[in-house]
Amino acid sequence: MSSEGRLRATFRVLGPVELQTATGRVVLTGKQGALLTILLLSANRVVSVRRLAESLWGEPLPSSPSSRVRTLISNLRRTCVTAGDDLIRTQRPGYVVRLAPDQLDLARYLDRAAQAREAAARGDLETAVSCYDEALSLWHGAPLLGIDGSFVQAEVARLEELRLEAVEGRSSAMLAMGRHAEAVTGLTAVIADHPLREAAHGQLMLALHRSGRRADALAVYRRLRERITEELGLEPERELQRLHQRILTSDTALENTAQETSDVTPETSDIAPEAPRHQPRPVVSPVPRQLPAPPPHFVGRERERAELDRLTRDPTTNSLAIAAISGTGGMGKTSLALHWAHDNANLFPDGQLYVNLHGFDPSNGPLPAQVALRHFLGSLGVPAAAIPAGEQAQAGLFRSLVAGRRLLIVLDNARDVAQVEPLLPGSPGCIVVITSRNHLPGLNATRGASLIGLNALTRAETRRLLGRHLGESRISADPDSVAVLVEHSGGLPLAISVLTARAAMHPGFPLSVLAAELSSPSTRLDALHAGDLGTDLRAAFTASYEALDAATARLFALLGLAPWPDVSLRSAAAVAGLPTSRTRMLLHDLEAANLIHQHRPGRYRTHDLVRLYAAERARSDRPDQERTEALTRLVDSYVRTACAGDRLLYPNRPFVSRIFPERSPDEFEDAAAAWAWFEDEQSSLIAVQQLAVRLGMDAAVWRLAWAMDTYHKRCQHEIRIESWQTALAAAERLGHSGTRAFVHWYLGYAYAQAPRADDGLEHLMLAFKLFEQEDDLAGQAHTSHTLGFAWLARGRPEHALPHVENALRLQRELRDPLWEANALSAAGWCHAKLGHYPEARSYCEQALELFRKYEDLNGESATLDSLGYIAHWAGQRDQALDYYGRCLELRDRLGNTYQGADTLVRIGEVQHETGRTTAARDAWQRALDLYHKQHRAAEAENVQEKIRRLAERPSAAAGPSGPAAPADR
């Protein structure tokens, strides 16, 4: 048959497997259909006879599998004779179907999908949607319909993933075009068939939200989260959680239909069944099959395997395809490389080369490139006598021999780019997979390599791997011990292998024995020692550690002393006692060695087991004095930085010059930056305070409590109490009555706000007596002020008023106008709670004038809140809304969302009373969202009840219900 006649034949796999010619259509099923399907899915690539047999029959293979394959090929050729005699060609070590790009619907689909992505990338959304529609029109039902075989399930899943990527790409373009309602229709069908597909859920949420269906969008997330939690024990991806939060808070940026939707749409990858550009040339030696057997148990790594798959199927590359897999020692780099290599060995008919480069071998050092080259050249049939002597000549001969071949080359355990560079082919066709403990960014810069970083396995994957090693029955019998093994193995495959090897040695021992060893940090690394350097986690870490230069190794060890896994650049510099510029360079070296991970700009995290090892090295390699000095610098750094941040959050805080006489250098741009730092460092700050206790730095202990207090009193009441309790013990050890007075005052303040007013009153009265003994009028004034707050917290404004008036008298005597304003505001609040509205307004207006004069925005916002309350209860609702609105504006500017949530509740109450139910609901919903974020369960429940009652009686208006709690002034 002529070439023209052959080109008229087309094949379909995106539905029933069919051959279509000018004379008709043939649907193929059974073994012939399966055989044709395998060849079509590998179109223009040779498929070995062995792979055909394994795919058709699975294990065990029938007798004479090669003969059976030949018979099936002969029959298939007769069935497909109308497509041309040369359709199926014999080519060692198997067979190949040669097709033009337009002869296979899958190839046409991939071409249209690629055009759609390119159009979307350049902003031509109409063309993108049109191309996606053309691509999706090629589907005629479930792919490979009617075909059976061991390969079918995986291939159907792959093809379905391609279809879903196109659906999601089309939806992304439609969202950007504003065609939200159309996007909803298609995405609803997708999630009905794929109820755990998070990207499609995210797009549907966005489409519903932009269509004005906010409640439906939130319901989509709720159903997905319930299903993921129930079936997988996981939470939705972080991007989806962020989208949910933005919809909850009615983020106006989401309304921009031209906005990119990459937050909810994963990138797609090009997977095409095209032929390699270079045909395998005949070899003069046996085809090398050098891959070692992979470890028998393997789970997870879907993302990384997909990236490796992309390299083999990307038809657009004109250069050598290289993947560099990096990760901490014990992370499973070799296991991933070998499992993937064995699964895809059929794609490399010219063979597979493998060499262990021993990049971190503590005894013999890295394997020289010349040794590896001699090994490769011999494997490719070059006699030993013909191998050149020099490395450059060897590398040139190697590149010449592999040019045009389809080879897989695995370079395992590489030290650096210099070691692997001579082993890289010089032309396309081969694929190189490299594993290394170091990141190899130079390969990306010079060779365009794909850099694949391995992280720890998830908890679910870790449990699954344990089950594969030990058997489900054994791990199901002791779930508590298994939970400990999962937790403390840290998701490191090597750690899991060591644990299960020890468990296998003593099958009669309960798993609780291993769990007990792992539970203690002092014995955890010992529990992960199997007596063999090849399976010893500590030895794996040692090899990486000893490859560091002296300065980097010192920093690594000292960071192990920090009592938390997440450190900032500033903290690392303090530990090292070095400038931040030098510390940044050392951290970069540690990151390159995969011993630390920069999970956010300027913030570094260490794997728990790596951190334990670092602490061991600090104890063995660094002198006691150096370790103590490093930790002392760390505590002092946090005290200085927290003080600087607190000055921005509370510029007019009393006694700051007494407690921190030396003003710290400017550490933050503004109050918002300081607030963000406190949020980032909250757990670290508590750990630093406990570290200061252990170091005997009692002054630092109570100063840290002081510096954290402004942040804590806005959002962390229980932590605030614990911090001041720790500070009180330190103050008692110091024995200074003035310090004790300060700490009792603030501990009483924290108790009163918790609210635990009775406990607070006890500490406040003791503080007042200590200030009296010191003749400290300012201390007495501020303690009196706080005593008024504590009595208000108990609901006794009549007891609060005398203390507040005493504070006002003392502040006027001290001629401190700002704290006179605070006392006036507090007196106004007391009168308001007593129902004395004219007096309350008078005090608050005087306070407001002083706050504005001295530019105290915190005081101004609190007083506006009080004036709003007074106007509300005096029946002046429009005036109340004006005061509350100005108060909320100031609190938003200050980042004070804690008290801002309370103001929103009061705004909602006024709006409800005036019949503005929609405005009331909006205010309460905003408050509810903030309460949930702040973990204020009681307040959230109160507002939720208000919203529920509003839904039941939307037109009902009520009298003033008052604020939920007195403001903290």
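Hydrogens, waters and symmetry mates play no part in the numbers below; they use all other heavy atoms, side chains included. Since this is a predicted model, take the numbers as computed values, not measurements.
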Answer yes or no: does atom CZ of Arg893 have more than 12 heavy-atom neighbours from other residues, nucleotides or ligands under 6.0 Å? no
Over 12 foreign heavy atoms within 6.0 Å of CD, Gln725: yes
Is the distance between the ring centroids of Trp677 and Tyr711 under 6.0 Å? no
Looking just at side-chain N and O atoms, do Glu681 and Tyr638 make a donor-acceptor pair shorter than 3.5 Å? yes
Should the pair Asp709-Lys713 be classified as a salt bridge under the 4.0 Å nitrogen-to-oxygen rule? no
Does Glu679, at its CD atom, have more than 12 non-hydrogen atoms belonging to other residues, nucleotides or ligands within less than 6.0 Å? yes
May I ask you to check whether Glu237 and Gln241 show a side-chain donor-acceptor distance below 3.5 Å? no
Is the side chain of Thr552 donor-acceptor paired with the backbone N or O of Leu548 at a distance under 3.5 Å, no angle test? no
Check this for me, if you would: do Glu626 and Arg554 make a salt bridge, where the nitrogen-to-carboxylate-oxygen distance has to be below 4.0 angstrom? yes
Are side-chain heavy atoms of Thr249 and Gln245 found at a separation under 4.5 Å? yes
For Trp706, what residues pass the side-chain hydrogen bond (donor to acceptor under 3.5 Å, both in side chains) criterion, not counting sequence neighbours? none
Does a side-chain N-to-carboxylate-O contact under 4.0 Å join Asp929 and Arg926? no
Can you tell if the side chain of Val420 reaches within under 4.5 Å of the side chain of Leu443, non-hydrogen atoms only? yes
Is there side-chain contact between Thr580 and Arg570, with heavy atoms separated by less than 4.5 Å? no
Exercise: do Ser568 and Ser571 side chains pair donor with acceptor under 3.5 Å: yes
Ignoring hydrogens and geometry, is there a side-chain-to-backbone donor-acceptor pair from Gln419 to Arg415 under 3.5 Å? yes
Consider side chain to side chain contact (heavy atoms under 4.5 Å, CB included). Of Thr435, Ile452, Ile434, which one does Lys333 pass it with? Thr435
Other residues, nucleotides, ligands: >12 heavy atoms within 6.0 Å of Gln934 CD: yes
Side chains of Arg891 and Asn858: does their closest heavy-atom pair fall under 4.5 Å? no
Can you confirm whether Asp412 sits close enough to Leu357 that some side-chain heavy atom of one is under 4.5 Å from a side-chain heavy atom of the other? no
Would you check if there is a donor-acceptor pair between the side chains of Tyr221 and Arg225 at a distance under 3.5 Å? no
Could you check if a side-chain atom of Trp340 sits within less than 4.5 angstrom of a side-chain atom of Glu304, using non-hydrogen atoms only? no
Contact check, side chains of Asp892 and Leu890, non-hydrogen atoms, under 4.5 Å: no
Do Gln899 and Asn896 get their side chains close enough for a donor-acceptor pair, meaning under 3.5 Å? yes
Testing the 3.5 Å rule here: is there a donor-acceptor pair between the side chains of Gln598 and His588? no
Hey, are Glu616 and Arg619 close enough for a salt bridge, meaning a charged N less than 4.0 Å from a carboxylate O? no
Is there a side-chain contact between Val701 and Thr726 (heavy atoms, below 4.5 Å)? yes
Counting N and O atoms only, with roles assigned by atom type, does the side chain of Gln689 sit under 3.5 Å from a partner on the main chain of Ser723, one being a donor and the other an acceptor? yes
Determine the interplanar angle of the Trp702 and Phe742 rings, folded into 0 to 90°, and report it as parallel if under 30°, tilted if 30 to 60°, perpendicular if over 60°. parallel
To the nearest 0.5 Å, tell me how far Gln690 CD sits from Leu695 CG. 11.5 Å
